[in-house]
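Labels below follow one simple rule: chain letters A, B, ... track the order of the sequence lines, proteins then strands, and each chain is numbered from 1.
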Amino acid sequence: MKSKLNAVLKSTIDHCFECGFLNKTHIPDYVIEVPNNPDHGHFATNLPLTLASSQKRSPMEIASVMVDNLMDEENLLENAEVAAPGFINFRINPDKWYGILSDIVRLKGDYGQNRTGNNQKVLVEFVSANPTGPLHLGHGRGAALGDTLCRILSFCGYDVAREFYINDAGQQTKMLGESIFSRFMQMNNPDFPFPENGYHGDYILDLAKTISGKVNLNEMSEQEAIDSCTREGKEIMLEETKQDLAQFRVPFDFWYSESDLFSSGLLEDTLEKLKRKKQLYENEGALWIKTSDFGDDKDRVIRKKDGEFTYFASDISYHLEKQKRGFARAINIWGADHHGYIPRVKAALSAHGFSENWLSVLLVQLVKLWRDGQEIKMSKRAGDFVTLRELVDEVGVDAVRFIFLTKNHDSPLDFDIDLVKKQDSDNPVYYVQYAHARICSIFRKANSEGISLPEKPDGLLKRLALDEEMALIRIIAGFPSLLEDISGALEPHRLTYYLTDLAASFHRYFNLGTKVPDYRIVTNDRTMSQARLFLAQAIRIVIANGLELLGISAPERM
RNA sequence: GCGCCUGUAGCUCAGCUGGAUAGAGCAGCGGACUUCUAAUCCGCAGGUCGGGUGUUCGAAUCACCCCAGGCGCGCCA
């Protein structure tokens, strides 16, 4: 609806330019919004205000000119009014609202789809946990964010690929192997030393048992045994990660391994390129890259004195590789503790001529877990943490995903296990799901009374005239532009708010019928019932589509 | 010390990239089930948008300066 109105505005402006009612000037950024105050109509625009300075006329004057020359050929508008200090308030023709209902019911699962992405190839990289331990809640939050973002971007016409980057080449996996080996040795010799920065979780002992049952560590040299523990441990952890994510309904298109970067020679290519661009220099035996030329605080080492490459080195080639694979844009979802890393990656990419907005990094803040009114402190190294799997097993995928998306990724999240475990009204995910189940229940009731959805509702829908009904229509009509906004701002959490708001409006509407039987959806008036069922069906579709984008089930009964 | 993030109702947070009278959930108080599902709804109460200065028709939103909290500043990953 908003885009239709925008089309009217654009042709109005063009018309005013052509006829000389307004001077032909550049059109600045303006907004069309749904006003808080219903007296201000269904939509309002600030276009005259933004146009004032370039036109050198008062906003009120410009607004009047536009209203007098509206190019509304499809009769979209019921009226348009000038409002101080220079807004135009619009009321949409009721027929056009009813038309949206028909669109929704016809399009079903496709309603809300749009082409704003223009098939642009986007790579979304998320989770990317080291295969050194189980996924924790921070990974889960990143997974929920990334997965929903991908679903929404695809829905908005982007060509999306999902990638998990496996950090399997560095010190951390070696530490995993040493930790496992040490636990293995401790089975017979409790005094065997444990590595200083080793992983302490119970899962390490489990790994030691599994691996020693599979290969004969006793017959190997210590180094061979550690290598074996590293290799096997990494593989098992990766497999568990894959299972956890599958259980969490998060699929990936690519599992990209860091060690492949080394073996494929990509790293050398990258160095060669940088050398040609004169971005490298040696100092004190190490190899440096001049990121400070591109906005970083200081230059960074990419090959250490001991000849080993830094993590940063592989990350540069990894990102170059992303572009080489044809992605016009990359989105990374990282833990907030990596934020200091962004300037140097962007600097390295700038050095290769990438534009500033080729890479977007979304930072996910911490998840704090509460139980019995107490915060559960977590530390991966100390092996003291609640895993994503444990949480999902305890409260369910739907609830975890929903709660993870109730807040902006930028702000820390408190997750109250007791609250979410309660399968009752305190739990926000049920509120939305219940609205869906309730509508399904109404349809069962209608069916039992022999009333069904009208095939051709055109004449009936004008009977939907209650304020609550019109408000609901306006909310669901806003679904497509909400998704466009989300895909532009990369803020999926707005969808949970939208669905909660829609569910609230529906529950309110439903409750009218508990007081006044005439306001029930299934009433004695058959055509009235059909019109309302049509509305209910449209609402159900939007809730189902929204939940689908969140990766949450839409139950028919609760 | 430098950088990033956060600061909105008692608590947890939204606030549509600068719009008109700042919203929701929870907690508190008072109401609504012989009913299409009460996993719901209605009402009441609750605010110096951390503080200040500025930008302009207009600021929770933008800029600058303070205050408070979190995180990051390795030839670690």
Checklist outcome for this item: Residues pairing under ring-ring contact (aromatic ring centres under 6.0 Å, His included) where one sits in residues 501-532 of chain A, two or more places apart or in two chains, turn out to be A/Tyr431-A/His507, A/Tyr434-A/His507

Next on the checklist: Does anything in residues 523-539 of chain A come within less than 4.0 Å of RNA chain B? Heavy atoms only, and list the residues if so.
Outcome noted: none

Item to check | Close residues, residues 290-300 of chain A, relative to RNA chain B [heavy-atom separation under 4.0 Å] | outcome: A/Lys298

Which nucleotide wins on minimum distance to the side chain of [X], given the candidates [options]?
X	options	value
A/Gln365	B/rA20, B/rC41, B/rC5	B/rC5
A/Ser441	B/rG19, B/rC36, B/rC75	B/rC36
A/Val31	B/rU17, B/rC13, B/rA20	B/rU17
A/Gln172	B/rG15, B/rA77, B/rC75	B/rA77

Checklist entry - Between the side-chain atoms of A/Asn37 and the base atoms of B/rU21, is any donor-acceptor pair under 3.5 Å? => result yes

Next on the checklist: Ignoring hydrogens and geometry beyond distance, is the side chain of A/Asn89 in donor-acceptor contact with the base of B/rA20 at under 3.5 Å?
Outcome noted: yes

Checklist entry - Where each residue is assigned the nucleotide of RNA chain B containing its nearest heavy atom, which of A/His40 and A/Lys305 is assigned the position nearer the 5′ end? => result A/His40

Next on the checklist: If you assign A/Asp410 and A/Phe309 each to the RNA chain B nucleotide with the nearest heavy atom, which residue ends up on the more 5' nucleotide?
Outcome noted: A/Asp410

Between atom [atom1] in [X] and atom [atom2] in [N], what is the gap in whole Å?
X	N	atom1	atom2	value
A/Glu491	B/rC13	CD	C1'	14 Å
A/His339	B/rC2	NE2	C1'	11 Å
A/Phe402	B/rU12	CZ	C1'	15 Å
A/Glu449	B/rC36	CD	P	9 Å
A/Leu366	B/rC4	CG	C1'	14 Å
A/Tyr341	B/rC73	OH	C1'	14 Å
A/Asp337	B/rG3	CG	P	20 Å
A/Tyr281	B/rC75	OH	P	11 Å

Over all strands shown, is [X] touching base, sugar-phosphate only, or nothing at heavy-atom distances under 4.0 angstrom?
X	value
A/Pro85	base
A/Ile342	nothing
A/Ala52	nothing
A/Arg557	base
A/Pro59	nothing
A/Phe312	nothing
A/Asp315	nothing
A/Ala44	base
A/Asn408	sugar-phosphate
A/Asn46	base

It should be established whether [X] places a side-chain nitrogen or oxygen under 4.0 Å from OP1 or OP2 of nucleotide [N].
X	N	result
A/Ser411	B/rA14	yes
A/His493	B/rG15	yes
A/Lys368	B/rU12	no
A/Asn511	B/rU40	no
A/Arg508	B/rC42	yes

Item to check | Verdict with supporting geometry, A/Glu284 and A/Lys305, salt bridge (charged side-chain N to carboxylate O under 4.0 Å, His left out) | outcome: CA-CA 8 Å; A/Glu284 294 181 15; A/Lys305 205 161 25 181; 5.7 Å; no

Next on the checklist: So that I can compare with my own list, what are the stems of RNA chain B, taken as at least three consecutive Watson-Crick or G-U pairs with distances under 3.5 Å?
Outcome noted: B:1-7 with B:67-73, B:10-13 with B:23-26, B:28-32 with B:40-44, B:50-54 with B:62-66

Next on the checklist: Salt bridge check, A/Arg303 against A/Glu282: does any charged N sit closer than 4.0 Å to a carboxylate O?
Outcome noted: yes

Checklist entry - Which residue, A/Tyr311, A/Tyr165, A/Phe312, forms the ring pair (Phe, Tyr, Trp, His ring centres under 6.0 Å) with A/Tyr318? => result A/Tyr165

Item to check | Pairs satisfying salt bridge (Lys or Arg N to Asp or Glu O under 4.0 Å), at least one member in residues 519-540 of chain A, at least two apart | outcome: A/Arg463-A/Asp525, A/Glu469-A/Arg532

Next on the checklist: For A/Glu449, give me all partners under side-chain hydrogen bond (donor to acceptor under 3.5 Å, both in side chains), at least two apart in sequence or on another chain.
Outcome noted: A/Lys445

Checklist entry - When the ring planes of A/Phe415 and A/Phe404 are compared, do they come out parallel, tilted or perpendicular, using 30° and 60° as the limits? => result perpendicular

Next on the checklist: Once you measure the plane-to-plane angle for A/Trp334 and A/His338, does it fall in the parallel (<30°), tilted (30-60°) or perpendicular (>60°) bin?
Outcome noted: tilted

Checklist entry - Where do A/Leu472 and A/Leu464 land on the side-chain contact (heavy atoms from CB on, under 4.5 Å) test, with the steps shown first? => result CA-CA 11 Å; A/Leu472 278 162; A/Leu464 299 171; over 6 Å; no

Next on the checklist: With no hydrogens and no angle check, just 3.5 Å: does a side-chain donor-acceptor pair link A/Asp398 and A/Gln433?
Outcome noted: yes

Item to check | A/Asp467 atom CG: more than 12 heavy-atom contacts under 6.0 Å | outcome: no

Checklist entry - Would one find more than 12 heavy atoms of other residues, nucleotides or ligands at under 6.0 Å from atom CG of A/Asp306? => result yes

Item to check | Candidate pair A/Ile302 and A/Thr270, rule side-chain contact (heavy atoms from CB on, under 4.5 Å), full reasoning | outcome: CA-CA 11 Å; A/Ile302 65 175; A/Thr270 306; over 6 Å; no

Checklist entry - Do the side chain of A/Gln530 and the main chain of A/Ser452 share a donor and acceptor less than 3.5 angstrom apart? => result yes

Next on the checklist: Would you say the base of B/rA24 stacks on A/Tyr497 (centre-to-centre below 5.5 Å, plane angle below 30°)?
Outcome noted: no

